[in-house]
Amino acid sequence: MKICRKNIFELTLAFIILCALLINMQLNMKIVYAKQSNEDKLTIALDPGHGGEEDGACYYGMKEKDINLKLAKMVKYGLEEYEGIEVVLTRDSDEAVSLGDRALRAKEKNADILISLHQNASASHKSKGTTIYISTAEQYREKLFEMADYLLGEFEALGLQNDGTIARVTQMGGRRADGTFDDYYGVLRHGYNNGMPSLLIEHCFMDSKEDHEYLKTEEGLAQLAQADVNGIASFYDLKRKDGSTHVKKRAEKYGATTKGLQLGYYEPPQITEIKVTGYNGISPAIATYQASVKDSAGVDSLSLVYKNGDGETAFVSLELGEPLKTGTYTLKGYVPEWLKTGDYHLSYIGVHNVAGYEAGYNYAAGEMIGFGKCSWTNNFSYMGEADIYVKEQGSVEWVQSRWRAYKNCIGVRE
């Protein structure tokens, strides 16, 4: 068969393109899926949260920063029993390290993944269990969710409550280059910006009597560390140096929290409307809100973040009483009296339900864009119905007149 030079050139070009695509796929596999290969060593960066002057949560005479560092060293020791792995720490002493520098230190060591180790605390002192936060970045989310499931399976086996895997979106409106909203947690945000998948483990609630049992002794900490080691080894299919492997555990139901499993409910809460309907006319102001929710389990927390033109923020938590199931409700919220004069625009809504799932809504171009659990939820139209105006310090006004004027302008009937 006669082959002309043109055909040879086209075949050669096609072969070169195919090789380039295969190389790119291999690189992406290492970055996105963070799987080790036979030739490459897997590098895991462990980040002991807090440090230096930043103590973190402090309960029962213990500081979170100390627990996190001790735990990280235990996890490092346990992981080094496996083949083909290198473990680095973002800090190995009581040192203050910025969130950005933690990610940079991991990147300098060519880490395949950044895992930040923390303990939790709650305002009510009634919460307990393990929560894992993963990056909201789409290219990492699926595999991080899978890794979190292995980890939560290990914590469930210890007897800890599974509080779920959450991809928490920013409440400050920051965006990535592709237009998607940033992560809430700085270490995850900086991990993404440095090209690394990252997750954050909140092992226990330090203020919980039940969880405290795992934190007060070396044996308890060793159990937590082993759960981390086992979950990581399961996800990466690691082999110990003696050739043995860990028997994998998964969470009892993929993607479900312990509370969600008990209730048979596995969905994040949704908000479909929010607006202010009045003020009591005194300072500090008590605002009356109308909120519509869609949730069969019941919303048990609803908070709002306002911004003014200078980027300063104000937080308003709405009083719910009983959990709010699907419907429309009239709620009260205290508006801070220290706000400067001017307009404050609602920029973020945070919502949590009794099944242990949460969602966040960021304002963008006339919509509240929702991100719940580990995926996008509903969006709803928002044109300033809950914005507020500070006429003078200590005097808060509702912008109902402005809103009505706008609706009249665009022809919306009340």
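For the numbers below, each heavy atom of this structure counts, side chains included, while hydrogens, waters and symmetry mates do not.
- Scored by the salt bridge (charged side-chain N to carboxylate O under 4.0 Å, His left out) test, Lys216 finds Glu213 as partners (sequence neighbours excluded).
- At distances below 3.5 Å, not a single donor-acceptor pair connects side-chain atoms of Asp163 with backbone N or O atoms of Thr131.
- Side-chain contact between Leu215 and Tyr59 is absent, with no heavy atoms from C-beta onward closer than 4.5 Å.
- Across Val187, Ile115, Ile113, Leu188, a single residue satisfies side-chain contact (heavy atoms from CB on, under 4.5 Å) together with Ser198, and that is Leu188.
- Ring pair Tyr254/Phe145: centre-to-centre distance below 6.0 Å.
- Summarising the geometry, atom CD1 belonging to Ile271 is positioned 6.5 Å from atom CD1 belonging to Ile349; distances are rounded to the nearest 0.5 Å.
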Trace of the side chain to side chain donor-acceptor pair (under 3.5 Å) decision for Ser296 with Lys325 | CA-CA 5 Å; Ser296 298; Lys325 294 191 176 182; over 6 Å; no
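- Each of Leu238, Val87, Ile232 was compared with Tyr82 under the side-chain contact (heavy atoms from CB on, under 4.5 Å) criterion, and only Leu238 meets it.
- Under a 4.0 Å N-O distance rule, the pair Lys143/Glu146 qualifies as a salt bridge.
- Checked options Arg168, Arg141, Arg176; the residue passing with Asp183 is Arg176 (criterion: salt bridge (Lys or Arg N to Asp or Glu O under 4.0 Å)).
- Between the side chain of Glu64 and the main chain of Ala57, a donor-acceptor pair closer than 3.5 Å is present.
- Of all non-hydrogen atoms in Val316 and Pro336, the two that sit nearest each other are CG2-CD, 4.2 Å.
- Evaluation of the salt bridge (charged side-chain N to carboxylate O under 4.0 Å, His left out) rule for Asp47 yields Arg102 as partners, not counting sequence neighbours.
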Report the C-alpha distance between Asn353 and Val351 in whole Å, list the side-chain angles of each, state the deciding distance to 0.1 Å, and finish with yes or no for side chain to side chain contact (heavy atoms under 4.5 Å, CB included).
-> CA-CA 7 Å; Asn353 69 12; Val351 56; over 6 Å; no
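- Using a 4.5 Å heavy-atom threshold, the side chains of Gln290 and Glu273 count as touching.
- Of the charged side-chain nitrogens involved, at least one lies within less than 4.0 Å of a carboxylate oxygen, so that Glu95 and Arg105 count as a salt-bridged pair.
- Panel note: side chain Lys239, backbone Glu83; no donor-acceptor pair is recorded below 3.5 Å.
- Every salt bridge (charged side-chain N to carboxylate O under 4.0 Å, His left out) that Arg250 has, sequence neighbours left out, goes to Asp149.
- Rounded to the nearest 0.5 angstrom, Gln171 CD and Asp182 CG are separated by 12.5 Å.
- Remark: the backbone N or O of Ser208 is not paired with any side-chain donor or acceptor of His125 at under 3.5 angstrom.
- Applying the 6.0 Å contact sphere to CD of Glu252 captures no more than 12 heavy atoms from other residues, nucleotides or ligands.
- For the pair Asn110 (side chain) and Thr43 (backbone), a donor-acceptor distance under 3.5 Å is absent.
- The shortest side-chain heavy-atom distance between Glu81 and Asp242 does not fall under the 4.5 Å cut-off.
- In plain terms, the two heavy atoms of Tyr265 and Ala297 that are nearest each other are CD2-CB, 3.5 Å.
- Side-chain atoms of Asp55 never come within 3.5 Å of backbone atoms of Lys63 as a donor-acceptor pair (strictly under, hydrogens ignored).
- Looking only at side-chain heavy atoms (C-beta outward), Glu385 and Tyr289 stay at 4.5 Å or farther from each other.
- Thr288 contributes no side-chain N or O that, together with a main-chain N or O of Thr277, makes up a donor-acceptor pair within less than 3.5 Å.
- Salt bridge Lys249/Glu156: absent, no basic N to carboxylate O contact under 4.0 Å.
- We find that Lys41 and Asp112 are not joined by a salt bridge, their nearest charged nitrogen and carboxylate oxygen being 4.0 Å or further apart.
- Contact check for Asn162 versus Phe155: no side-chain heavy atoms found under the 4.5 Å cut-off.
- Without hydrogens or angle criteria, Asn308 side chain to Asp343 main chain gives no donor-acceptor distance under 3.5 Å.
- Looking only at distances, a side-chain donor or acceptor of Asp211 sits under 3.5 Å from a matching main-chain atom of Gly129.
- When side chains are defined from C-beta on, Thr136 does not count as touching Phe181, because their heavy atoms never get closer than 4.5 Å.
- Side-chain contact between Tyr334 and Glu319 is present, with heavy atoms from C-beta onward closer than 4.5 Å.
- To the nearest 0.5 Å, the span separating OG1 on Thr165 from CD1 on Ile201 amounts to 10.0 Å.
- Dense packing is recorded around NZ of Lys307, with more than 12 heavy atoms of other residues, nucleotides or ligands lying under 6.0 Å away.
- In this structure, Ile274 and Phe380 have side chains that are in contact, with non-hydrogen atoms separated by less than 4.5 Å.
- Taking both residues in full, the closest heavy atoms of Leu79 and Ile85 are given as O-CG2, 3.3 Å, listed atom of the first, atom of the second, then distance.
- Under a 3.5 Å cut-off, the side chain of Asp178 and the backbone N or O of Thr180 do form a donor-acceptor pair.
- Atom CD1 in Ile132 sits 4.0 Å away from atom CG in Leu152 (nearest 0.5 Å).
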